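Given the structure is predicted, the values throughout are model-derived calculations rather than measurements. In what follows, every chain begins at residue 1, and chains take the letters A, B, ... in the order their sequences are listed.
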Amino acid sequence: MQKNNDDMTNQKVRVRFAPSPTGPLHIGGVRTALFNYLFARQHGGTFILRIEDTDSTRFVPGAEEYINNSLAWLGMQVDEGGLEGKGEYGPYKQSERREIYSKYAKQLVETGWGYYAFDTPAELDALRAEAEASKKAFAYDMHSRLSLKNSLSLSEEEVKSRMESGEPWVIRFKMPENVEVHTNDMVRGAVAFNTNTLDDKVLYKSVDQLPTYHLANIVDDRLMKISHVIRGEEWLPSVPLHVMLYRAFGWEDEMPQFAHLPLILKPTGKGKLSKRDGDKGGFPVFPLDWKLNDGNVAAGYRESGYFPEALVNLLALLGWNPGDDRELFSMDELIEAFSIERVNKSGARFDPDKAKWFNQQHLVRKSDEEIATLFTEELKEKGVEAAPEMVVKAVGLVKERVNFVSELWDQVAFFFQAPVQYDPKVVKKRWKESIPGFMTELAGKLDAMTTWQAEDIKATTAALIEEKELGFGLVMNAFRLTLVGGGFGPDLMTIAEMIGKEETINRVRTAVEVIGA
RNA sequence: GGUCCCUUCGUCUAACGGUUAGGACGUAAGAUUUUCAUUCUUGAAAUAGGGGUUCGAUUCCCCUAGGGACUACCA
């Protein structure tokens with residue numbers, strides 16, 4: 001009884017993330033990796049990275065490194081596979097497993113589940129075009145295969161001679177007729193297909209001696225003892241083929257469990273998020289920057305200022321929720337809270353605004369020291385010298401008002417350098433007639449102070465305001481303008497205290513000079 | 001076109017068949033503040049439509065509509 005539960009708890013969990021190195025991974029792929037990772041960690045299982053490079057024509061240099069770097073940046077440690085290829089079920093790169101696939105592909109032909117086909121791509125294209133012209137769809141399937149060039153329709157001698165002459169061939173799967181395929185998807189429940197609507201997929205091609213995705217996928221999942229296949233919904237239509245393949249090999253009883261994740265959709269418009277959506281929407285779709293051939297760079301989350309934990313957090317909540325109101329999670333908390341049963345079925349539209357909010361939340365939760373360390377690097381780039389304590393304190397005062405570390409400078413620049421200009425709007429609004437004279441006098445009063453605490457500065461300022469019978473708000477805003485250069489920032493008296501007496505007085509006098517009457 | 005999947009505020013989502021349908025992002029208003037921001041309070045905002053089943057459907061079933069994925073010698 002409860003076979004499934006036993007499978008879940010007793011069977012060793014081994015999951016794989018199996019991207020194709022055809023370019024940078026996008027966040028849909030990253031989320032698939034994340035869900036696999038969370039599932040593996042939660043069950044004390046193994047997280048495997050397998051590179052599916054069975055299409056020799058689509059190989060992109062650097063893509064594999066990119067995948068590795070992305071996972072590393074996000075904090076997903078690969079247990080088997082990856083660049084080092086560690087693990088006992090290797091190689092973990094499909095292009096290095098040629099002989100294995102060849103053997104299994106031929107086995108399928110021998111057992112009658114597959115056949116050799118000689119139709120050229122050009123011929124098939126022509127058939128498709130022809131069918132389209134008469135508003136039909138061409139399929140290489142149980143209805144058409146006997147009229148095409150393959151080992152089912154051709155004589156044994158002909159097949160032999162074609163192969164011996166070096167003519168390229170492929171092995172196709174011989175999809176059986178009228179078989180009901182039932183699967184029980186972990187996120188979708190029961191899903192059924194009939195093989196009558198399926199075609200004879202190419203499984204292996206002689207030209208590059210490589211399998212196509214379907215064969216490689218089944219063979220490797222079997223050989224690598226994969227327990228659960230967690231992948232995007234775009235693979236759902238392939239499930240019946242895959243099930244039949246397991247059946248053909250006699251592995252169906254130990255077939256992995258499937259879980260098809262909902263797609264991540266474009267923020268606006270229709271369809272699933274694609275690699276080009278980032279440029280239009282002004283948000284990254286890649287974890288890391290990726291250099292394009294034309295010299296441009298596709299923006300990455302890292303370079304755009306996102307924390308890896310923020311990306312992980314927001315991706316986890318796209319298609320999954322903990323069942324309560326919690327939204328902020330660390331990776332460890334996600335591992336604890338995650339469950340595949342709570343993964344949604346419907347696609348989730350990506351929301352760039354909420355992405356920023358996640359980053360802001362994680363930023364606020366970091367210590368002032370940690371943010372200061374990150375910010376100090378930026379200060380160095382700007383050539384700004386600043387006392388470490390000053391940076392920590394300044395950052396602590398403003399961190400709640402930014403989404404990214406990169407936005408910090410605009411909020412704290414005045415702590416480190418005098419205003420280079422005064423916001424005209426604020427000047428117009430706050431720099432009234434009575435101000436220049438008052439400020440000059442205030443500078444004198446401040447100069448005469450023997451202490452320099454915020455409260456003392458405030459007392460001195462307030463006393464003069466009272467004496468001159470001016471408005472507190474009026475003066476404070478003008479005072480702020482002299483120190484900050486604009487109408488923003490944290491408590492003014494704290495700013496004055498932090499930049500010091502001499503600097504404060506200088507800024508007041510400079511402002512009077514520059515802005516004048 | 002065919003196959004399959006999906007459908008709760010604009011968006012992400014919650015809700016043993018019984019709730020004034022909740023939260024978050026965004027948005028609007030107000031309060032506070034020496035400014036901006038923060039913060040706080042409040043508001044607007046959803047069960048696609050139609051049939052069933054049921055004492056009672058957001059929830060279960062069917063149909064319709066809409067959306068999506070797939071339909072390569074790509075993954």
Write down the partner of B:U19 under the Watson-Crick or G-U wobble criteria, each distance required to be under 3.5 Å. none
Report which part of the nucleic acid A:Tyr213 touches: base, sugar-phosphate, or nothing (heavy-atom distance under 4.0 Å, all strands). base
Examine the base of B:A24 for any acceptor or donor lying under 3.5 Å from a partner atom in the side chain of A:Lys354, and report the outcome as yes or no. yes
Please state whether the phosphate of B:U13, meaning OP1 or OP2, lies under 4.0 angstrom from any side-chain nitrogen or oxygen of A:Asn321. no
Over all strands shown, is A:Leu492 touching base, sugar-phosphate only, or nothing at heavy-atom distances under 4.0 angstrom? base
Using a 4.0 Å heavy-atom cut-off, does A:Gly271 contact any base of the nucleic acid, only the sugar-phosphate backbone, or nothing at all? sugar-phosphate
Counting any heavy atom closer than 4.0 Å, what does A:Val191 reach on the DNA or RNA strands: base, sugar-phosphate only, or nothing? sugar-phosphate
If you find the nucleotide of RNA chain B closest to A:Gly489 and the one closest to A:Asp55, which residue's nucleotide is nearer the 5' end? A:Gly489
Heavy atoms only, 4.0 Å cut-off, all strands: where does A:Lys270 land among base, sugar-phosphate and nothing? sugar-phosphate
Would you classify A:Arg326 as touching base, sugar-phosphate or nothing, given that sugar-phosphate means primed atoms plus P, OP1 and OP2, and contacts are heavy atoms under 4.0 Å? nothing
Less than 4.0 angstrom between a side-chain N/O of A:Thr54 and OP1 or OP2 of B:A75, yes or no? yes
Which nucleotide wins on minimum distance to the side chain of A:Ala137, given the candidates B:G68, B:A14, B:G1? B:G1
Distance between C1' atoms of B:G26 and B:A45 (Å, rounded): 11 Å
Which part of the nucleic acid, if any, lies within contact of A:Ala355, taking any heavy atom under 4.0 Å across all strands shown: a base, the sugar-phosphate backbone alone, or nothing? nothing
What's the CG-C1' distance between A:Leu315 and B:C12, to the nearest Å? 13 Å
Just the rounded figure in Å: distance from P of B:C74 to NZ of A:Lys275. 17 Å
A:Arg188 side chain: which of B:A75, B:C5, B:C12 is closest? B:C5
Counting the atoms with a prime plus P, OP1 and OP2 as sugar-phosphate, which does A:Trp235 contact under 4.0 Å by heavy atoms, base, sugar-phosphate, or nothing? base
Considering only B:C70, B:C73, B:A24, which nucleotide approaches the side chain of A:Trp357 most closely? B:A24
Is the base of B:C74 touched by the side chain of A:Arg58 through a donor-acceptor pair closer than 3.5 angstrom? yes
Can you tell me, in whole Å, how much space there is between the P of B:G30 and that of B:C36? 14 Å
Whole-Å C1' distance, B:C62 and B:G1: 25 Å
Got a salt bridge between A:Glu309 and A:Lys366, using NZ or NE/NH1/NH2 to carboxylate O under 4.0 Å? yes
Within-4.5 Å side-chain heavy-atom neighbours: A:Val191 and A:His260: no
Rounded to whole Å, please give me the gap between CZ in A:Phe193 and P in B:G2. 17 Å
Between A:Asn359 (CG) and B:G26 (C1'), how many Å, whole number? 17 Å
Does any nucleotide pair with B:A69 by Watson-Crick or G-U wobble geometry, both distances under 3.5 Å, and what is it? B:U3
By the 4.0 Å heavy-atom rule, please label A:Gly319 as base, sugar-phosphate, or nothing. sugar-phosphate
Given the options A:Phe404, A:Phe358, A:Tyr306, A:Tyr301 meets ring-ring contact (aromatic ring centres under 6.0 Å, His included) only with A:Tyr306
Using whole Å, report how far CD of A:Glu234 lies from P of B:G68. 15 Å
Could you tell me whether the side chain of A:Asp141 and the main chain of A:Ser144 form a donor-acceptor pair under 3.5 Å? yes
Counting the atoms with a prime plus P, OP1 and OP2 as sugar-phosphate, which does A:Asn344 contact under 4.0 Å by heavy atoms, base, sugar-phosphate, or nothing? sugar-phosphate
Per A:Arg349 side chain, nearest of listed nucleotides B:U35, B:U11, B:C73: B:U11
Please state the C1' separation for the pair B:A46 and B:C12 - nearest whole angstrom. 13 Å
Return no unless some side-chain N or O of A:Arg430 is found under 4.0 Å from OP1 or OP2 of B:C36. no
Watson-Crick or G-U wobble mate for B:C60, both contacts under 3.5 Å: B:G52
Who is the Watson-Crick or G-U wobble partner of B:U41, with both distances under 3.5 Å? B:A29
Salt-bridge present (A:Arg326, A:Glu333; N to O < 4.0 Å): no
OP1, OP2 of B:C70 versus side-chain N and O of A:Lys272: anything below 4.0 Å? yes
Looking at every strand, decide which applies to A:Pro168 at a 4.0 Å heavy-atom threshold: base, sugar-phosphate, or nothing. nothing
B:G2 phosphate, OP1 or OP2, under 4.0 Å from A:Asn196 side-chain N/O: no
Between B:G43 and B:A37, how many Å separate the two P atoms, rounded to a whole number? 23 Å
For a quick test of reading the model: is some side-chain N or O of A:Lys345 closer than 4.0 Å to OP1 or OP2 of B:C5? no
Nearest to the A:Lys205 side chain among B:U11, B:C74, B:U7, which nucleotide is it? B:C74
Taking only the P atom of each, what is the distance from B:U39 to B:G52 in whole angstrom? 50 Å
Give the C-alpha distance, both sets of side-chain angles, the deciding distance and a yes or no for side-chain contact (heavy atoms from CB on, under 4.5 Å) between A:Asp221 and A:Arg50. CA-CA 10 Å; A:Asp221 283 348; A:Arg50 185 172 71 216; 2.9 Å; yes
Polar side chain donor-acceptor pair, A:Tyr101 to A:Asp220, under 3.5 angstrom: yes
Rounded to whole Å, how long is the line connecting atom CZ of A:Phe488 with atom C1' of B:U35? 10 Å
Does A:Arg480 place a side-chain N or O at less than 4.0 Å from the phosphate oxygens OP1/OP2 of B:A37? no
Rounded to the Å, how far apart are A:Asp200 CG and B:C73 P? 11 Å
Measuring only the P atom in each nucleotide, how far is B:G50 from B:C9? A whole number of Å is fine. 16 Å
Taking the nucleotide of RNA chain B with the nearest heavy atom to each, does A:Trp169 or A:Thr197 sit closer to the 5' end? A:Thr197
Of A:Leu474, A:Leu470, A:Asn477, which meets side-chain contact (heavy atoms from CB on, under 4.5 Å) against A:Lys432? A:Leu474
Salt bridge between A:Lys354 and A:Asp351, side-chain N to carboxylate O under 4.0 Å? no
If you only use heavy atoms from C-beta on, which nucleotide in B:C73, B:C5, B:U7 is closest to the side chain of A:Thr212? B:C73
In whole Å, measure the gap between the C1' atoms of B:G49 and B:U13 for me. 23 Å
Rounding to an integer number of Å, can you tell me how far A:Phe414 CZ sits from B:A37 P? 14 Å
Just by distance, no angles: are the side chains of A:Arg342 and A:Asn321 close enough, under 3.5 Å, to form a donor-acceptor pair? yes
